[in-house]
Amino acid sequence: MAQLCKRSGTTGNSFSSPRSTWKRVFSFQGGILMDHKLLFAKVLHEQGELPFDIQTIKQLIETPKRIEMGDFAFPCFALAKHLRKSPAIIAQELQAKITDPIFDHLEAVGPYLNLFLNQEKVSQHIFKQIMEQGSDYGRNQNGKGGTVTIDLSAPNIAKPFSMGHLRSTVIGNAIANLADKNGYQPFRINYIGDWGTQFGKLIVAYRKWGNAESIQQNPITELLKLYIRFHEEAENNPRLEEEGRKAFKALEDGEPEAIQLWKQFRDESLKEFSRIYDLLGVHFDSFQGESFYNDKMDEVVEILQEKGLLVESQQAQVVKLDEEEMPPCLIRKSDGATLYATRDLASALYRKRTYHFVRSLYVVGNEQSLHFKQLKAVLKKAAYAWADEMEHISFGMMLKNGKKMSTRKGRIILLEEVLQEAIERTETIINEKNPNLSDKAQVAKQVGPGAVIFHDLKHHRTNDVEFSFEHMLNFDGETGPYLQYAYARCKSLLRKANFTPSSQVNGVTDEQAWPIVRLISDFPNVIRTAWNNYDPSKIARFALDLARSLNQFYAHVHILSDPDHQQERLHLIYSTAITLKESLRLLGLKAPEEM
RNA sequence: GUCCCAGUAGCUCAGCAGGAUAGAGCAACAGCCUUCUAAGCUGUCGGUCGAGGGUUCGAAUCCUUCCUGGGACGCCA
C-alpha cells in the first residue's frame, strides 16, 4: 500500500507522527484526502457496524458542496432500508458511536453524517510531504514507464498555422505532460501534413503566379495567397484541378523540379512552425509526417490482401466493415493511389514496431472520429490486438462566427498573429502596472501565449470553442495570467521573507487556509483523473480554484506582519507555489517569478 | 435519411459513476490600495438547468420522445 513514490524515494513511512494511525493509513497514492476517505469508510464499517463492506461505504462517501458542511459526508439514505430507520436517526446514532482521534469532529446534519478533518494535522502533513517531494508532488508510477505515443499538432505544410491547429497542439502537449506525471513515457509525434494533392495545386499556382523573392521573404503568407488564388480561379477553370493532380503525380514520380519545390515549401514551413512552437513552448520527439510513409504503404496493402480483407468495389480497393456497421474503409483509389487511411495504417504499424507503445493517442478533431473508428476496426480485422491500445482523443472545432474556418476561402486566423498580439498586450499591461519589472520582454513572452493556451485548455476538449479576441486576450478572472499572477505573489512573499522550508513547522489553522490545504491535498487525485479522462481542463479548473483560494487568503490574512504564525503561513504559500507551478507546467504554461 | 456531439445566468463555461439552498468568470452596478504586486479582494444584480414523459426516497445528472445548433457519412485530409 505504501511505497509508491519511487521517483522521489519517499514513502508513507517517512512521516513521523505521535499517532501511529497516521503512518498506517497513508499511502500517498491518491493524496491525503483519499486516504482520509478510506479511513472514514473503515471507521464507519468497524465502529458504525454497518451492513456494507468498506469499498461500498467508500463509494457512498461524498464531498459536501460547501466547506462549512465538512470535508466528507456519508449519506444515510441507502441504510434506511436495511436498518428500517430514518436516515436522520441513523446519522445521529453513527455520530454518537464513532470516536476516532484522527478526525476533528463529526456532525449529523439531517440525513448526512459530516466529517471534519483535523486541519492542523492535515496541513502539517502536506507541508512536510511537499517539502520532501518538491515538484514531484502528485506524481505516480501507474504507467510503469510504458511508452505512449501521442499524435498531435499535425499542421499542413504550405498552409499557415491557424487557430484550428492550436487545439491539437496544446491539448496534446498537456496530455503528454500528464502521461509523464502518471508514470508513462510520452513520445510526441508531429505528423506533418506534407503530402497530397494540395502540393500539386501549389506547384501549379507557383508556376503560374508565384514570385520567388516574395516567397523567400514571407513564405507561408505567399504560399497561402497562391493556395487561395488557385481555388478561386479553379471555380471558373476546372482544368486547373486536372493540372494540380498531374503536378502531384509528377511529384510522386520524382520529377526533380517538383521535388525541389516541394522541399523548399516544406523547409520554409517547418522553419515558420518552429517559431510558433517556441512561443508555445512545445517540442516534439518526431516530425515524421505523411511523406515519410510513402514507401511503407505497399506493405499495408499486401497485408490486407493476404488476410483476405481487401475487396474491389467500384474500381477501388476497400476493406468492408459491414459487421461493424460502418462504411467501408478506402485503401486504394480507382487510379491506384493510396489515401489518408492507408497512410494512417502504415504509420500505426510503424509506430507499434518502432516504439512498442502501450498506448497510442491521436489528438485530432472530432470530425475525424469515423476515420479513427475505421482505422481501429481494420487493424482488429487484421488481427492486431494492439488496435485496442489506440485511442482517438477528439476535440471540438475552433469556430469563427459559429462556422468552421476554411483555409481555401481564406477565412482563417493566424495563430502567430494572435500570439504576437497577446505579447504586445502583455507588454502594455506590464508598463502600466509594473513598470520597474526587469525582463519585461521575457515575461511578456510567457504571459501572452500563456493566456492563449489557457483559454483553450480551460474548456473541456470536446466542446467547440468560438474564437474571440476579446475572451482570449482578457487577462482578468479565469485566465492564464490570473494563475501566473497568483504564483508571482507567492514567490514575492517567499523572497521577502527569505524563506526556507523546515520539517519542524506547525500546521495552519486560519479559516481561509483550509480550502487551500484541501485543494493541494487533492492534487494527486486530480492528476490521475485528468489523465484517465485525457482531460487537461481538470487541471485548469483545479489551478483556478487553487489560485482563487490563494488570492482570498492573501486578501484576508497578512503574512509578513505576524511573526507568531509566519512560519506555517509561509509553508502554506510555499506549498501553493509548488502546486500551482506544477499545474501550470502540466498545462504547458510558464510560471514567471515576477510579473 | 442514418450516426455522433452539444443545449445550465445577458455572454463564456463548471457541475453529469443521482443526493443537502444549481456554481465560477466576463459584462453591469457598489465598495476596498499610508502594510506582503489592485493582472487582486468584497458585495449586489442575474437561472422554468432546451421541452414533454418516465425510473427513484431524491434527477441538471439515468432512460425515452420531440425541438434547436454543429459535425460525420467511398475515391480530400
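Letters A, B, ... are given to chains in the order of the sequence lines, protein chains preceding strands, and every chain is numbered from 1. Heavy-atom basis, side chains included; hydrogens, waters and symmetry copies ignored.
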Across the strands shown, which category fits A:Asn366 at heavy-atom distances under 4.0 angstrom: base, sugar-phosphate, nothing?
-> nothing
So what's the dot-bracket for RNA chain B: Watson-Crick or G-U pairs under 3.5 Å, [ ] if a pair crosses, | if it pairs off-strand?
-> (((((((..((((.....[...)))).(((((.......))))).....(((((..]....))))))))))))....
Syn/anti state of B:C33 by chi, 90° boundary around 0 | syn
Lys/Arg N to Asp/Glu carboxylate O, A:Arg461 vs A:Asp535, below 4.0 Å | no
Just checking, is any N or O donor in the side chain of A:Thr56 or A:Asp53 under 3.5 Å from an acceptor N or O on the other one?
-> yes
Check: A:Gln368/A:Tyr340 side-chain N/O donor and acceptor closer than 3.5 Å = yes
Could you state the atom-to-atom distance from CZ of A:Arg548 to P of B:C41 in whole Å?
-> 8 Å
Between A:Lys373 and A:Glu324, is the closest basic N to carboxylate O distance under 4.0 Å?
-> no
Are A:Lys85 and A:Glu93 close enough for a salt bridge, meaning some N to O gap below 4.0 Å?
-> yes
Residues of residues 564-574 of chain A with any non-hydrogen atom less than 4.0 angstrom from an atom of RNA chain B: list those, numerically ordered, please.
-> none
Of all pairs that satisfy ring-ring contact (aromatic ring centres under 6.0 Å, His included), the ones with a partner from residues 529-562 of chain A, not counting sequence neighbours = A:Tyr184-A:Trp531, A:Phe523-A:Phe542, A:Trp531-A:Tyr534
List the protein contact pattern of nucleotides 10-16 of chain B with one symbol per nucleotide (5' to 3'): B for base contact, S for sugar-phosphate-only contact, - for none; contact means a heavy-atom distance under 4.0 Å.
-> -SSSSS-
Taking A:Arg541 for its side chain and A:Lys458 for its backbone only, find out whether a donor-acceptor pair lies under 3.5 Å.
-> yes
Looking for any heavy atom pair under 4.0 Å, which part of the strands does A:Leu370 touch: base, sugar-phosphate only, or nothing?
-> sugar-phosphate
For A:Val557, report the nucleic acid contact type (base, sugar-phosphate, nothing); a contact means any heavy atom under 4.0 Å.
-> base
Atom CD of A:Gln374 to atom C1' of B:C73: distance rounded to whole Å?
-> 9 Å
Minimum-distance nucleotide (side-chain atoms of A:Lys65 versus B:C36, B:A20, B:G74) | B:A20
Across the strands shown, which category fits A:Met397 at heavy-atom distances under 4.0 angstrom: base, sugar-phosphate, nothing?
-> sugar-phosphate
Please enumerate all protein N or O atoms sitting under 3.5 Å from an N or O of nucleotides 42-47 of chain B, with distances to 0.1 Å.
| residue | atom | partner | partner atom | Å |
| --- | --- | --- | --- | --- |
| B:U42 | OP1 | A:Gln552 | NE2 | 3.1 |

Aromatic rings A:His571 and A:Phe499: how do their planes relate, parallel, tilted or perpendicular, breaks at 30° and 60°?
-> perpendicular
hbond_proxy A:Asn474 side chain to B:A39 base (donor-acceptor, 3.5 Å cutoff) = no
Using heavy atoms to find the nearest nucleotide of RNA chain B for A:Glu367 and A:Glu290 separately, return the residue whose nucleotide is more 5′.
-> A:Glu367
Establish, with yes or no, whether the OP1 or OP2 oxygen of B:A39 is under 4.0 angstrom from a side-chain nitrogen or oxygen of A:Lys433.
-> yes
OP1 or OP2 of B:A77 less than 4.0 angstrom from a side-chain nitrogen or oxygen of A:Arg343, does that happen here?
-> yes
Looking at A:Val363 and A:Ser168, what are the two nearest heavy atoms and their distance?
-> O-OG, 2.9 Å
Measure from the side chain of A:Ile430, starting at C-beta and using heavy atoms only, and say which of B:A39, B:A72, B:A77 lies closest.
-> B:A39
Between A:Glu107 and A:His105, does any side-chain donor sit less than 3.5 Å from a side-chain acceptor?
-> yes
Taking A:Asn474 for the side chain and A:Glu470 for the main chain, is one N or O donor matched with an acceptor at less than 3.5 Å?
-> no
Salt bridge present between A:Asp298 and A:Arg332 (N-O < 4.0 angstrom) = yes
Phosphate oxygens OP1/OP2 of B:A38: is one of them under 4.0 Å from a side-chain N or O of A:Arg489?
-> yes
For the side chain of A:Ser492, starting at C-beta, report the closest nucleotide among B:A39, B:A20, B:C36.
-> B:C36
By ring pair (Phe, Tyr, Trp, His ring centres under 6.0 Å) - contacts of A:Phe454 (at least two apart) = none
Flag this pair as yes if the NZ/CZ of A:Arg343 is under 6.0 angstrom from the six-membered ring centre of A:Tyr191 and inside a 45 degree cone about the axis; otherwise no.
-> no
Using a heavy-atom cut-off of under 4.0 Å over every strand shown, decide if A:Tyr482 touches base, sugar-phosphate, or nothing.
-> sugar-phosphate
